[in-house]
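Below you'll find the structure, written out as structure tokens, and then a few comments.
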Amino acid sequence: MSAEIIRHDWTADEVAALMRLPFNDLLYRAQGLHRAFFDANEVQLSTLMNIKSGACPEDCAYCPQSARFDTGLKPEPLAELGEVLEQARAARAAGATRFCMGAAWRSPKERDLQQVETLVREVKALGLQTCVTLGMLHPGQADRLKTAGLDYYNHNLDTSPDFYPQIISTRTYQDRLDTLETVRAAGIHVCCGGIIGMGESVADRGELLRTLACMDPHPESVPVNQLVAVEGTPLATAEPTEPLEFVRTIAVARILMPASRVRLSAGREQMSDETQALCFLAGANSVFYGERLLTTSNAGVEHDRRLFDRLGLKAEASGGPAGRQQAP
Ligand code: SAM
Ligand code: DTB
Ligand code: SF4
């Protein structure tokens, strides 16, 4: 059964048809798959830390950390081990199972990588799953991160291949696909998703999801970010995403990648509790948890605890890589 459900050959027409389904039919289908592969009342908690802030040479139009935009962000060098471990311990104590360290680099330099290897080793030793997002990687670098104990590498496609050039000019879509291949070949779990609300069409959202779903295997972790519009970035005045359109995107992600963790990522602070509840109903089963994302604030821990309580959601205890690969 699951071989037919976990597909890597979705066509653009099939995905477009899913995106257009009546809302109730779409959620019913997504929820059925969610329940077949996961405990529908369980959510995985990942906590982010920005280990190297700002002064990035890339020009990603959404990003407050690009050196090209004046967002008032103070650049910071790579964080010290002690500070990272302090935040990782706090994340563990708050209930997170994964600690994700982000660096505003185009790609890591040799000295950077050595330091990140140490961070990965030490965070892993705390019993947390490890994730880093450092920009583009070469094969040797991915192998070293794997040896250090890295569980996940986050590298997003961000949007569809067609819309991509309107958002980033300093690296190509193919560069991103190459890094994802490199990560996969090193035996590291892939965390890959995108951003909704950058002015892309519904078809672009579908093509982003289809590109992810045509990867074999699927990314184990799929972060769906809602744009956090930051003053000073070219996307500061982007139209806010229509909440039900965001929920639809989550539902289609769940249908296309039924055994992957779909993460309701950036933008939760700007969402109502009801929108978040619909996202969980549509198949989201992971969040970024903690007071901060990278440079912006996140829905707070106390708020999240109350929300999870109201919804009867429980935090995942162990943090396995993905859902059941066999639907029961
Ligand atoms: N520099 C590395 C890179 O780009 O690969 C890693 C860090 S980068 C900040 C990680 C991801 O965060 C981006 O690919 C993007 O999807 C997401 N992101 C960044 N700024 C965002 C924003 N303002 N709103 C939503 N998502 C954002
Ligand atoms: C992802 O998909 N979203 C995270 C994480 N991976 C690295 C980052 C969100 C950043 C939001 C804007 C900020 O705080 O700077
Ligand atoms: Fe740099 Fe990453 Fe931000 Fe792009 S998303 S500007 S690569 S930190």
Side-chain angles (χ1 to χ4, degrees), residues 46-69 71-76 78 98-109 112 116 131-137 141 152-159 163-164 167-173 175-180 182-183 190-200 208 212 219 221-238 240-241 246 253 261-271 284 286-299:
S46 291
T47 295
L48 278 167
M49 177 177 178
N50 204 13
I51 58 170
K52 189 268 163 189
S53 185
C56 182
E58 304 290 278
D59 68 352
C60 313
Y62 49 76
C63 187
Q65 303 202 70
S66 167
R68 299 172 191 230
F69 316 138
T71 58
L73 181 75
K74 187 166 154 261
E76 301 275 358
L78 186 57
R98 194 178 306 169
F99 194 66
C100 308
M101 297 167 270
W105 289 321
R106 173 175 165 79
S107 57
K109 311 257 180 309
D112 303 329
V116 173
C131 176
V132 296
T133 177
L134 316 172
M136 294 185 281
L137 281 191
Q141 296 179 314
Y152 291 81
Y153 194 85
N154 167 244
H155 197 65
N156 289 340
L157 290 176
D158 283 343
T159 190
F163 191 66
Y164 182 90
I167 302 297
I168 297 139
S169 77
T170 47
R171 74 172 81 146
T172 65
Y173 211 74
D175 288 333
R176 291 187 186 247
L177 293 169
D178 291 348
T179 291
L180 292 165
T182 299
V183 167
V190 172
C191 173
C192 183
I195 308 179
I196 306 304
M198 300 192 292
E200 75 287 345
L208 163 67
L212 295 169
S221 202
V222 180
V224 183
N225 296 276
Q226 178 173 277
L227 176 73
V228 179
V230 178
E231 222 182 298
T233 63
L235 292 177
T237 56
T241 315
F246 189 85
R261 285 265 167 206
V262 175
R263 181 171 311 116
L264 181 50
S265 301
R268 285 197 305 120
E269 198 184 22
Q270 290 74 29
M271 276 175 210
S286 170
V287 294
F288 283 126
Y289 175 70
E291 303 301 326
R292 295 195 69 70
L293 294 165
L294 292 176
T295 68
T296 63
S297 58
N298 189 22

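One-based numbering, in listed order, for ligands and for the atoms of each.
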Please list the nearest protein heavy atom to [atom] with its residue and the distance rounded to 0.1 Å.
atom	value
atom 27 (C) of ligand 1	Ile195 CD1, 3.7 Å
atom 9 (C) of ligand 1	Leu294 CD1, 3.4 Å
atom 3 (N) of ligand 2	Asn225 OD1, 2.9 Å
atom 6 (C) of ligand 1	Thr133 OG1, 3.0 Å
atom 12 (O) of ligand 1	Asn156 ND2, 4.4 Å
atom 20 (N) of ligand 1	Tyr62 CD1, 3.3 Å

So is [X] in contact with ligand 1, going by heavy-atom distances below 4.0 Å?
X	result
Gln226	yes
Met198	no
Ala103	yes
Cys56	no

Suppose I only count heavy atoms of Thr133 and a 4.0 Å limit; which atoms of ligand 2 are within that range?
7 (C)
Mark up the atoms of ligand 2 that fall under 4.0 Å of a heavy atom belonging to Leu48, in ascending order.
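Those atoms are 4 (C), 5 (C), 7 (C).
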Measure from atom 4 (Fe) of ligand 3 to the protein's non-hydrogen atoms and state whether any distance is below 4.0 Å.
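Yes, at least one protein heavy atom sits under 4.0 Å from atom 4 (Fe) of ligand 3.
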For [X] and ligand 1, does the shortest N/O to N/O distance drop below 3.5 Å?
X	result
Val230	no
Asp158	yes
Val228	yes

Below 4.5 Å, heavy atoms only, C-beta onward: do [X] and [Y] meet side chain to side chain?
X	Y	answer
Phe246	Leu264	yes
Cys63	Glu58	no
Leu294	Phe288	no

Taking atom [atom1] of [X] and atom [atom2] of [Y], what is their separation to the nearest 0.5 Å?
X	Y	atom1	atom2	result
Leu157	Ile195	CG	CD1	11.0 Å
Met136	His155	CE	NE2	7.0 Å
Arg292	Asn50	CZ	CG	9.0 Å
Tyr289	Ser46	OH	OG	12.0 Å
Lys74	Thr295	NZ	OG1	14.0 Å
Ser297	Arg268	OG	CZ	11.5 Å

Has Glu291 got more than 12 heavy atoms of other residues, nucleotides or ligands less than 6.0 Å from its CD?
yes
Apply the test side-chain contact (heavy atoms from CB on, under 4.5 Å) to residues Thr296 and Glu269: give CA-CA distance (whole Å), side-chain angles for both, the deciding distance (0.1 Å), then the verdict.
CA-CA 10 Å; Thr296 63; Glu269 198 184 22; over 6 Å; no
So if I count the atoms of ligand 1 from 1 in the order they appear, which ones are less than 4.0 Å from some heavy atom of His155?
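Answer, ordered by atom number: 5 (O).
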In ligand 1, which numbered atoms sit nearer than 4.0 Å to a non-hydrogen atom of Ala266?
25 (C)
Which of the ligand 3 atoms, numbered from 1, are nearer than 4.0 Å to a heavy atom of [X]:
X	result
Ala104	8 (S)
Cys56	1 (Fe), 6 (S), 7 (S), 8 (S)
Tyr62	5 (S)
Glu58	1 (Fe), 4 (Fe), 6 (S), 7 (S)

Less than 4.0 Å is my threshold; does some heavy atom of Val228 fall inside it relative to ligand 2?
no
Measuring from the heavy atoms of Phe288, does anything fall under 4.0 Å of ligand 2?
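For ligand 2, residue contact (heavy atoms, under 4.0 Å) with Phe288 is present.
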Taking 4.0 Å as the limit for heavy-atom contacts, which would you say applies to Ser265 with ligand 1: side chain only, backbone only, both, or neither?
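No part of Ser265 is near ligand 1 at this cut-off.
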Out of Met136, Glu58, Arg171, who is nearest to atom 3 (C) of ligand 1 when you count heavy atoms only?
Arg171
With Ser265 as reference, evaluate Asn156, Asn225, Leu48, Ile196 under the side chain to side chain contact (heavy atoms under 4.5 Å, CB included) test and give the passing residue.
Asn225
Close approach of Arg171 to ligand 3, heavy atoms, under 4.0 angstrom
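It does; at least one heavy atom falls under 4.0 Å.
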Check the pair Asp158 / Ile167 against side-chain contact (heavy atoms from CB on, under 4.5 Å), numbers first and verdict last.
CA-CA 9 Å; Asp158 283 343; Ile167 302 297; 5.6 Å; no
At under 4.0 Å between heavy atoms, which part of [X] makes contact with ligand 2: side chain, backbone, both or neither?
X	value
Pro64	side chain
Asn156	side chain
Thr295	both
Pro223	side chain
Leu294	both
Asn154	side chain
Val230	neither

Can you give me the closest heavy-atom contact between [X] and [Y], atom names plus distance?
X	Y	result
Tyr173	Leu208	OH-CD1, 4.4 Å
Val183	Val190	CG1-CG2, 4.0 Å
Gly197	Leu227	O-CD2, 3.5 Å
Leu212	Gly193	CD1-CA, 4.1 Å
Ala104	Cys56	O-CB, 3.6 Å

Under 2.8 Å from atom 1 (Fe) of ligand 3, is there any N, O or S atom belonging to Cys60?
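Within the cut-off used here (under 2.8 Å), Cys60 places no N, O or S atom near atom 1 (Fe) of ligand 3.
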Nitrogen or oxygen atoms of Thr296 and ligand 2 under 3.5 Å apart
yes
Does any N, O or S atom in Cys63 come within less than 2.8 Å of atom 3 (Fe) of ligand 3?
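So Cys63 does bind atom 3 (Fe) of ligand 3 by this criterion.
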Quickly, which of Arg261, Arg263, Arg98 forms a side chain to side chain donor-acceptor pair (under 3.5 Å) with Ser286? Name it, please.
Arg263
Between the main-chain N or O of Glu76 and the side-chain N or O of Ser53, is there a donor-acceptor pair closer than 3.5 Å?
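Side chain of Ser53 to backbone of Glu76, a donor-acceptor pair under 3.5 Å: no, none is there.
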Lys/Arg N to Asp/Glu carboxylate O, Asp112 vs Lys52, below 4.0 Å
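Between Lys52 and Asp112 there is no salt bridge, as every charged N stays at least 4.0 Å from the carboxylate O atoms.
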